[in-house]
Structure formats: structure tokens, C-alpha cells
Amino acid sequence: MIEVAGVSKVFRVPHQRRRSLGRWLAEGRYTYETFHALKDVSLRVASGEFVGLLGRNGSGKSTLIRVVAGIYPPSEGTVRVTGRMAPILELGVGFHGTLSVLDNVLLYGVVLGIPRRTLLADADAIVAAAGLERFADAHLENLSTGMRMRLAFGVALRSEAPVLLIDEALAVGDEAFRERCVAELRRRRDRGDTALFVSHEMALLEGLCDRLVVLHKGAVRGEGKPAEMIALYRSLES
Amino acid sequence: MSQGADHHLLIRPSGGRSRLDLQELWRYRDLLLVLTWREISIRYKQTLLGGAWAILQPLLSMVVFSIFLGRLAGLPSDGIPYPVFSYLGLLPWTYFANAVSRSGASLVGNANLISKVYFPRILIPLASVLSAFVDFLLSCVVLVGVMAWYHVAPDPLRSLWLVPLSLLVAILATGVGMGLSALNVQYRDVQHAVPFLMQLWMYATPVVYPASLVPERYRTLFALNPMAGITEAYRAAPLGRAVDMHSLLVSCAVVVVLFALGLWRFQRTERVFADVV
């Protein structure tokens, strides 16, 4: 279960990035522009529910999902999460090109919170499932983007965490890859997992989510049935 | 819910005093291990000599210092062959300098990880200090060879001192590294200043010269450098000489202060890392 209560997030954007001591001494204190990325956002994702976040660029979707993931501390409000989380904000976070494919499985898996022992036992199977057995010992940098995404997704699948946070991570890859992702997400939904989901693909949102939340300029504009919310989203002025 | 239903997380606005959450660190031990291992395996990738660099660093420094400072300048070495003398000093020093410079650059170097996943940020500088420790262990093995070569017999019992002393160096390096890595997020000047800082710090530490060379009236000031007391003890213990407990205690106190300062600076910046890097 995810419970977001009255969350606001204010970023302080320096007028000019003054990262050097010399300029700091010369010009004195920073001056900031404050930017309200989220304004008093509340939402609830019950356990077993798939909820999608919909909104234009800059509406605060990614900020919200990062607050839930614990990456940004909220400026106000609280977030409660019950159940272990798998934050998939980008496929292959922590991948390193000069390490072997097998080593990267271990690295990314642990970053996602999968126990090391599980990964050591499953690494070969993960690589095989991605169709990369022949390249298990190759440097990751020698693989194509598609191969890397397949590998990363294969690792992410092993995370049995029942709460998923997904930020457009699945927008990469070709049709076959996407179909596999969607099939996996369906399986997770049928199993009773929980997900908070950012995507710009209406078909995906409509097919997978029980409910959609529309964010606009950092605030919740509406929530409800996917079809209605997609209509609301389309009616928003930019 | 298949698993982890008992797992609760509450995220609140940060503020007030944060403290070191050791329970959380323990939960993330796998990540610490893997980050350390990643740093070790990346470091010597695409090098011809690979892990041998860990040994060569202090060994080559020893050769250079022995020729120029031991032979040509004739620096005293407390009655021990100068190569053994300088290697015993270089051992903790090389570890300290490597650990500090790697952890100092670590947060900025791992910006992508920080902005995409949550984990206790302190793992990043810690992994750097730990990865340098592996190099250090390798160069400790070489110490045995160096002492044998110069027919210097180690005192097995007193050599045990090296364990707590090495731990002390690790704690100091973690404190300094945390502080510098946090500062480096805001002021990239830090990564340019660190090599110079480490060089100065080395000359303030009896690595290539004995502490007995320092004039009496500067001794108090000298002892405030925690690496001074540690290095002297490092040299005394395996050769069976008495460890100067007084200056070692001063070193311990300074280590505690520097660690607390580094942690404080780190935690103050920690909340906004993801916003800034």
C-alpha cells in the first residue's frame, strides 16, 4: 500500500549555478528561485491496486514517484509504504560498461534490493532468459542497447518486491520487448501486487491500471476511471 | 502480498537532527559489499598490471624515497634500514591517502545511482574506503617480504597492534572522506584541492622522516595531526618497540572529532544530494 498525504516539494533553484568558492566569495550568498514541483498532493494506492499517473511534462509525476521512492525528501507531508518496494525509475541503474554481463546482473540486482545470494544462484538463468548466454563473460559495453534493456528487465523481473514504482522505464525497446513487459506487469497484477506507474502511453495505462490520477502543475486535478481521466488529461490546457 | 508485507516505510520531511542509522546500514550490507567489489574490479580494468598496482604504489615510493631521502639526503631512520623504515610509514599513509581521495570524489562520481535509487548515501564513501582497504591488505603482505629482505625480525606479539591501528586509519579516512565528498557536491574545487592537501598532510606526518626529527617546541602542534601518532605507532609495534600511548591517545581523540565533523557535514548535505548532483 502506498499512502501519500499532503506532500509538497519545493526545489530551490539557484539563479546561477555558483559552485565555485571564488565566485561564492565574490558574489556573496546564493539567490534562489523557488519552484513548487508538488503542491499538497494526496493519493492512496491500496494493496493489489495498479494506479497510473498522468500529466503533461513538468506536471510533477517524476518528482512524486521519486518522493515515494525516498530519493527526494518531501518539503511537507508524509509518505507511507507497506511492503518492499522495487523502484524501476530507469532500467539498468548502476550498470557498468567494463564489467561482464554476469557481474552487471549481480550489481543491478542488488541495487534493486534483491538479496545477493538469490542473484548468485539465479544469475545464469537471468542471462539465459535474456538470450545472452553466449555473451555472459563479455563486457556490457559491447552489447547493443536492446540487449542491455532485455538484460535489465530480466533482472528487474527477479525482484519479487510486491510494490512497484515505474517511471517510463518501459518506454524503451521495441514492440516485442514492450509486450513482454506488459505481460509481466499483468502477471504481477493478477498476483495481487501494487504499482504506481508513470507513462505517456494511454493504451498501456488504460489496459493495466485500475485507476488513474491526473497531475497538473504539481497538484492533483482528478482521479478515477482510466477512460474519464484520459479525457480529462486531453482537455487540459498546456 | 507475497512477501515483505511486514515491511513499513515512512517518509517525512527531513529536518532536525539526523543520526547514523546502524540498523539501516546493516540491512543494506549486500549493497555495500557489491559497491566495494564494483570499485575494486573497475579500478584495475584495462590496465596491463592490474592488481599489481596496489603493491607497486607503496613499493615504488619506498624505492624512490630510499634513494633520494635515505641515501642522498641521509635522513635518519631510528636505526632501522631506511627502506623498512619508510615502507612501514608508507603502508598506513598510502591507504589513508587513497581512501580519502577516492571517497572524496565518490558522491559526484555516483550521481546517477543517487538520483535513481534510494539507499543510505553513506554507503558510497564507505565503499571507497573499503575498496582501498583491499589494496592495503595486499601491500601488508609485501611488508613481510621487505622485512625479510633486510633481515629485520618482526615482533609477532606487538605486531597485533597493527589491527587496531589500521582500523583507526580507516575511521579517520571515512570521516575525512565523508566530509570532503559532501563538500565536493557543492564545490567542485574540492577534487582539485585534495591531491595537494594530501601532499601537504604527508609532509606533516612522519612517513619519510622520524618524529624525533621534529623540534621539541613544535611537538604539541605536530601531535594534533592524528596520522602522526598512528604512523609512529605503526612503525614501532612490528619492530618490537614501545608504542607511545600518550600521542596515540591524542590521535584517537582527534580521529573522533574529525569523524564527527565529517559525518555532520555529510548528513547536512545528504538530504539535498539528489536535488543537487
Side-chain angles (χ1 to χ4, degrees), chain A residues 1 4 7-9 11-13 18-22 24 47-48 66-85 87-90 93-94 96 98-100 103-104 106-107 109-117 119 139 160-163 167 191-194, chain B residues 1-15 18 24 27-47 108 110-121 123 183-190 192-193 270-277:
Chain A
M1 188 198 59
V4 177
V7 163
S8 296
K9 175 69 186 170
F11 287 104
R12 295 199 301 172
V13 185
R18 260 172 257 160
R19 272 172 172 164
S20 80
L21 187 64
W24 181 72
S47 56
R66 281 175 191 207
V67 170
V68 174
I71 296 165
Y72 294 151
S75 309
E76 276 170 61
T78 56
V79 176
R80 261 172 220 283
V81 181
T82 308
R84 221 159 51 78
M85 254 192 298
I88 307 175
L89 306 191
E90 182 184 299
V93 177
H96 201 281
T98 57
L99 293 178
S100 76
D103 287 350
N104 273 295
L106 181 63
L107 190 60
V110 171
V111 165
L112 283 176
I114 307 173
R116 203 170 49 93
R117 278 170 198 282
L119 286 163
H139 283 187
E160 292 293 303
V163 180
D167 184 5
R191 197 180 80 170
D193 285 358
T194 308
Chain B
M1 287 269 185
S2 50
Q3 57 161 284
D6 53 337
H7 189 285
H8 291 274
L9 176 73
L10 173 65
I11 301 165
R12 273 182 302 205
S14 58
S18 44
E24 189 187 33
R27 275 207 308 280
Y28 279 91
R29 61 192 181 279
D30 271 6
L31 187 57
L32 178 62
L33 206 68
V34 167
L35 287 176
T36 306
W37 159 82
R38 179 184 72 157
E39 198 165 323
I40 295 166
S41 41
I42 291 169
R43 188 170 329 126
Y44 300 116
K45 276 273 157 85
Q46 294 169 329
T47 61
V108 170
N110 284 293
N112 186 45
L113 209 54
I114 291 174
S115 61
K116 294 287 157 51
V117 200
Y118 173 77
F119 55 90
R121 306 315 190 192
L123 294 187
L183 281 173
N184 195 27
V185 170
Q186 285 165 307
Y187 308 107
R188 299 291 150 91
D189 309 70
V190 172
H192 302 290
E270 192 174 28
R271 304 172 213 148
V272 293
F273 278 157
D275 300 11
V276 182
V277 290

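Here is how names work: the chains are called A, B, and so on, in the same order as the sequence lines, proteins then strands, and each is numbered from 1.
- A distance of 6.0 Å separates OG1 of A:Thr78 from CG of B:Leu10, quoted to the nearest 0.5 Å.
- Looking at every heavy atom in both residues, A:Ile71 comes nearest to B:Tyr118 through CG1-N, 3.9 Å.
- Proximity to chain A (any heavy atom under 4.5 Å) is restricted, for B:Arg121, to the side chain, taken from C-beta onward.
- For A:Val4, no part sits under 4.5 Å from any heavy atom of chain B, backbone or side chain.
- By number of non-hydrogen pairs under 4.5 angstrom with chain B, the leading residue of A:Gly113, A:Gly77, A:Ser8, A:Gly94 is A:Gly77.
- When all heavy atoms of A:Pro74 and B:Ile11 are compared, the pair lying nearest together is CD-CG2, 3.6 Å.
- For the pair A:Pro87 and B:Val117, the tightest heavy-atom approach, listed with the atom from each and the gap, is CG-CG1, 4.2 Å.
- At least one donor-acceptor pair closer than 3.5 Å links the side chain of A:Arg66 to the backbone N or O of B:Ser115.
- Taking CG from A:Leu107 and CG from B:Leu113, the interatomic distance works out to 8.0 Å, rounded to the nearest 0.5 Å.
- In this structure, B:Lys116 and A:Leu89 approach most closely via the heavy-atom pair O-CD1, 3.6 Å.
- Comparing A:Val7, A:Val93, A:Leu112 by heavy-atom pairs within less than 4.5 Å of chain B, the highest count is held by A:Val93.
- With a 4.5 angstrom heavy-atom cutoff, B:Lys45 touches chain A only via side-chain atoms.
- If you measure heavy-atom distances from A:Val68 to chain B, the contacts under 4.5 Å come from the backbone alone.
- A:Ile114 contributes atom CD1, which lies 12.0 Å from atom CG of B:Leu31 (distance to the nearest 0.5 angstrom).
- Heavy atoms closer than 4.5 Å to chain B are found in both the backbone and the side chain of A:Arg116.
- Of the two parts of A:Ser75, only the backbone, made up of N, CA, C and O, holds a non-hydrogen atom closer than 4.5 Å to a non-hydrogen atom of chain B.
- Of all the listed residues (A:Arg117, A:His139, A:His96), the one sharing the greatest number of non-hydrogen pairs under 4.5 Å with chain B is A:His96.
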